[in-house]
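Note that the numbering runs from 1 along the sequence shown for the chain. Both ligands and their constituent atoms are indexed starting at 1 by order of listing.
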Amino acid sequence: MRAAYYKGQKHFSVSEGQEKAPRPTEAKIRVAYCGICGTDLHIYHGKMDARTGHNRITGHECSGEIVELGRDVTDFRVGDRVVVRPLASCGDCPACAAGHSHICHNLNFMGVDSEGAFQEYWTVPAKLLHRVPEKISLKQAALAEPLAVACHDVRLGEVKAGEYVVVLGGGPIGLLVALVARERGARVLVSEINSYRLGLARELGLEAANPKEQDLVQLVKRESGTAGADVVFEVTGTEAGAELMTQLPKTRGRIVVVAIYSFRPTVDLFGFFWRELHVCGARVYEAEDFEESLRLLAEGLAADTLISGVHPLGDLQATFEHLEADPRAMKTLIDCRA
Ligand SMILES: [Zn+2]
Ligand SMILES: [Zn+2]
């Protein structure tokens, strides 16, 4: 079978890989589609070499079909269409003991810390599988992972019907957060500086504004009858986002930090004190978020509008090279069967 190996310094090599027979509690998946995530771009740039090394099969947003099962797996069958929740936890650290195994202290994020899905066949623990509902295509199902991120974020943000939500950052995760929040009955404003992404947000029926052209603080004040936003999601990972996030919420409003910051931004703690703001971090997802994600996809949530390209596994290198130069790139999928 073919597999793509990250070799360091912006280089992938697609070559012959080893198929692995499933151990008793594992399943072997024929990978269909695997999305390229922001994390994969960080890996490509060598920023995660300490975790990946220079011979790692990456990729963690996949859909596929079970081709072989370990002898102890009873709740799945060969031929089942599935997605993988790529988080292997240790089971005995304090986070696992407290029921937060998704942020296990010794978390193995598959596709980063161990081998991932940019290959034809991927063998994984069966307990990490979720069955794909019939209505959903395997292409749509490849969005289950990023959509599960958004479900987790919105769940931790406790978004309720009728609330006014501001999402800072209109990339794939930001727009998915906006769609899920709207699904909860919230009114949603997306803040984004890329004009293509602004247009896409509006195409999805979301309100959208460019904070470089409009005073976002004034806009949110006006749109909320001076109160401010109920919930703000910070998805930009920028200094500007960290600056804005404390200026937008209402009294006792919530801020959900979704972005992965690669530096320590300046945060206005006085803003928290003055309005008694609440902040929470939201990292990856739990099993229930994956189930919710698949349910929303089956109900027709337009997540696949974000798919901006599908490329064969053999073109992985060229796909990464083009991705960065393309302002219209949203969610790119790799077809591991092509
Ligand atoms: Zn991802
Ligand atoms: Zn653990």
Between CD on residue Glu291 and CD on residue Glu286, distance to nearest 0.5 Å
13.0 Å
Common cluster, Ile43/Leu333, ILVMFWY with side-chain heavy-atom separation under 4.5 Å
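No, separate clusters.
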So does Glu61 have any N/O/S atom less than 2.8 Å away from the Zn ion (ligand 1)?
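Here the distance criterion (N, O or S atom, under 2.8 Å) is met by Glu61, so yes.
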Check the orientation of Phe263 and Tyr261. Use parallel for under 30°, tilted for 30 to 60°, and perpendicular for over 60°.
perpendicular
Return the set of residues passing salt bridge (Lys or Arg N to Asp or Glu O under 4.0 Å) with Arg131 (not counting sequence neighbours), or none when no residue passes.
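Arg131: salt bridge (Lys or Arg N to Asp or Glu O under 4.0 Å) contacts with Asp80.
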Proximity of Tyr6 and Tyr44 rings by center, below 6.0 Å
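Not close enough - the centres of the two rings lie 6.0 Å or further apart.
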Are side-chain N/O atoms of Glu234 and Thr236 paired as donor and acceptor at under 3.5 Å?
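Yes, Thr236 and Glu234 have a side-chain donor paired with an acceptor closer than 3.5 Å.
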In the protein, how many N/O/S atoms are under 2.8 Å from the Zn ion (ligand 2)?
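Counting protein N, O and S atoms closer than 2.8 Å to the Zn ion (ligand 2) gives 4.
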